[in-house]
Structure formats: structure tokens, C-alpha cells
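Data first, discussion second: the structure below is written as C-alpha cells.
Just follow the structure's listing: the first ligand is 1, and inside any ligand the first atom is 1. Here, residue 1 is the first one in the sequence, and each next residue gets the next number.
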Amino acid sequence: MNAIKTFFKTLLPSKHFFQLSCLLFVFICGCTEQNVKKNPIHNESKGLDAEYLLKHAAGQLDLLKEVAFKENRIPRTVGKDGKLHWANPKFDWTEGFFPGSLWYMYKTTHDNKWKDAAESFQSMFESHKYYTSNHDLGFIFNTSYANGYEITKNEYFKDVMIIAADSLITRFNPKVGCIKSWDTDKGWQAERNWDFPVIIDNMMNLELLFKASQLTKNSKYKDIAIQHANTTLKNHFRDNHSSFHVVDYDAVSGTVRAKETAQGFANNSAWARGQAWGLYGYTVCYRYTKDIRFLEKAQHIANFILEKNKLQREKLPFWDYNASNIPNEPVDVSAAAITVSALLELDSYSDNSYKMEIEQLLHALSTEKYLSKIGDNHNFILKHSIGSIPHDNEIDVPLNYADYYYIEALVRYKQKYQK
Ligand code: GLY
């Protein structure tokens, strides 16, 4: 208070007093207006208004659904040409996320229009349950058919999940102790001299396997998931609990050949979405096994991520935590959405609460800068995600999986804090 008095005493005789007072007045009005604008995502008594944000997301998803129905395709992103880009109908690792988002809307509203749409879009790729040429079946069928099964208990969805799980485990090599992520005989992967590449993203395929064991009472899927998680625990992480993106194994001896990156800044860097996949994956492993090593790994990864996020003004992840120009690097909204959804589950298993960081992340994602207005952004919900900078692909665009994990996080937040 004394400091303020001295400040004004010094200013009073000043000829700038009037101008400064005006500036102060404008500043206070600006702050007040900003506080008003902050709403309606904040509800005075209840905190973040997940109900409102879910309604907003539903508004966008409804519009996107109508466009997608007209084209009979699954939306993925917006291209450099400014046009909506679709998932590749032959096979696309992101194809499960759009029906997955629709399932979440059905879960929260019980409106059959969402269920009908989810069923219709997931049926477009049902035949991919037999695909064995990469590891992505967990991503695809866990977000779509498995979410659908959890809500509807439709036996047909269960059968699809189990076939997909059977296809996925054909890629497991007991000598390595992992599911092989990518084949190396074609595409850009063929140029990398890899033998048996396993990426940290692969941790996200394990949830389908845990569920397959529960549904069939056959432990073979779960056993493979646990072996994969153990091998990854041993070889993918650095002492600071950040992970390499790619670990390449010798398929015959099972030894590690190389630790590299595909989508990160450098072999030794911590690619943000990779850290988020690891966090989510080990949290899920703990859900199904109650193995304390998996919980501790998830907690360590969370701490790594949250420490790094402090460097960013809005506490969002830069696309790679070791990118050369931090803090002037782009953020990856998809990594933020995956992280916040994972933290919401991890929070239930931990003595330390992540509530503050969860609200910080959700709040940042829900500001005008990152959350699209209804009808903008080609009807995607979030803006500013990164697919792969090294591949010069999908940079600073909306992505269907960023939207999926944002919706999942809002559903989890509402369930946890605003029942
Ligand atoms: N492979 C999934 C991703 O790009 O994160």
C-alpha cells in the first residue's frame, strides 16, 4: 500500500499524471472485460464448465458429421490446400477417432443420432480387422468398436474387437518381447535401415489386448501386452523418464540395434506426442494389471511433461521438448489433449493430485486461440496440432485425434468433478 502511495505522490505533480490515469483506467476495464470473456468456460461455483464445452464440441461434431455423410468418408485434417482431408479408405491409423468421438457424444447425450453415425462410420473400416501390416489396429478398434461395445454391449462389436486383437498379436515377436510397429519393406520406413522398429506410440495398442483377454477369458492377449510394456519399460526410456521415439530391435536375437526418431526433432529428443502416448499407455497398463512399476512410470512421465510444459506461457506442450528454438516453437495441441485425458485417469490412482494441471491444460485448450468457433476450422473442434514436422506433414492443423482426446478429457472431467 505504501509503495502505491509513494508511486502516486511522485506522479501527482507530473504532467503525465492525466495520461497515466487514463491508461490505468483502460487497463482495468480491459482486465474486467477479459474476465467476462473468460466465461462461459468457467462456472463460478463449479470450475471448468465441461457441460458447456461438451455442448460446444457437439455443435462442431454435428456439422462435421453432416459433411462426412455427404462424402461418405472419415474426416482426418485440413491440408495445405486449405481443404478438408479424409482418412485413407484403404487403411489409416486415424480412422477410429471420428467414430470414437461420435460414441462419446452418444454416451453423454443418449441421442441415437450419434450412435447411428458412429456405427455407420466405423463400418467403413470394419474389414481392416484382418490387417496385419502394421501395429495400428489398437488405435483404430479400441477408439471405435471397443468404445461402442462398452456403451451398447453389442456382441457383434465384441467379435470385431477380438478379430482385430488376433491380427495385432501376429506382429508379436517373443524373442524381442514386443509387437512390431512398422514393416520396413516399403515407404519412408524402408529408407531407415531398421529391422524390427517399435515406436512408443505402440503402447496405445495394448488397451485393445487387455480388453480382448477380459472378453475371451483367454490371457494370451494380456500376456503379450504385459511383455510389450515390460520390454518398452526397459529400452525406450532415458534416465529423465523421457522416451525415444523408435527403438529398433534385431528380430532374431532380440537385441537393441538403434534408438532413433521418426517424428521428433532428433534421435535424442523428447517428441511431445510420444511422451503423451507413453503416459497414456502406462496409465492404462496400470488400470489392467495394478503393477506398481507401470504406475510409477506413468507418474514419472507425467512429471517430465508437466515440468517441460511450464516453459510455455499457456502451459501447453511444444511439439518436441528439445526443439532448437524453444520458447519460439509451435505447440502440439494433440499432445496436450492426449496428456490431459491421461492425467484425468492417472489422478485417480495417485496420491498427488494433478487437478491444477488438468484444469490449466483444459482451460488453455478451451480458449479462442485453440478452440474453434462453431462453423470455422472445417468443423474440427481444436486448432494448432502437429502431425509430423520432419515429414513436413500436417503442421499447425486440426486433427481428428486431437478432437477425440479433448472430448474424452471433457467426459472424464465431467464424470470426475461434476457428476
Ligand atoms: N503414430 C501415431 C502418431 O503419429 O502419433
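One N or O on the side chain of Arg412 and one on the backbone of Ser341 form a donor-acceptor pair closer than 3.5 Å.
With sequence neighbours left out, Tyr221 forms a ring-ring contact (aromatic ring centres under 6.0 Å, His included) with no residue at all. Evaluation of the side chain to side chain contact (heavy atoms under 4.5 Å, CB included) rule for Thr231 yields Cys178, Asn235, Tyr249 as partners, not counting sequence neighbours.
For Phe98 and Tyr404, the ring centers sit 6.0 Å or farther from each other.
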Pairs of nitrogen or oxygen atoms, one from ligand 1 and one from the protein, closer than 3.5 Å: please tabulate them with distances.
residue  : atom  : partner : partner atom : Å
ligand 1 : 1 (N) : Asp201  : OD2          : 2.8
ligand 1 : 4 (O) : Gln263  : NE2          : 2.8
ligand 1 : 4 (O) : Arg273  : NH2          : 3.0
ligand 1 : 5 (O) : Asp201  : OD2          : 3.4
ligand 1 : 5 (O) : Arg273  : NE           : 2.7
ligand 1 : 5 (O) : Arg273  : NH2          : 3.2
ligand 1 : 5 (O) : Trp277  : NE1          : 2.8

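Legend: side-chain hydrogen bond (donor to acceptor under 3.5 Å, both in side chains) pairs involving residues 90-101, not counting sequence neighbours, sorted by first then second residue: Arg76-Asp92, Asp92-Thr94, Thr94-Asn400, Glu95-His128.
For the residue pair Glu207 and Asn142, a side-chain donor N or O sits within less than 3.5 Å of a side-chain acceptor on the partner.
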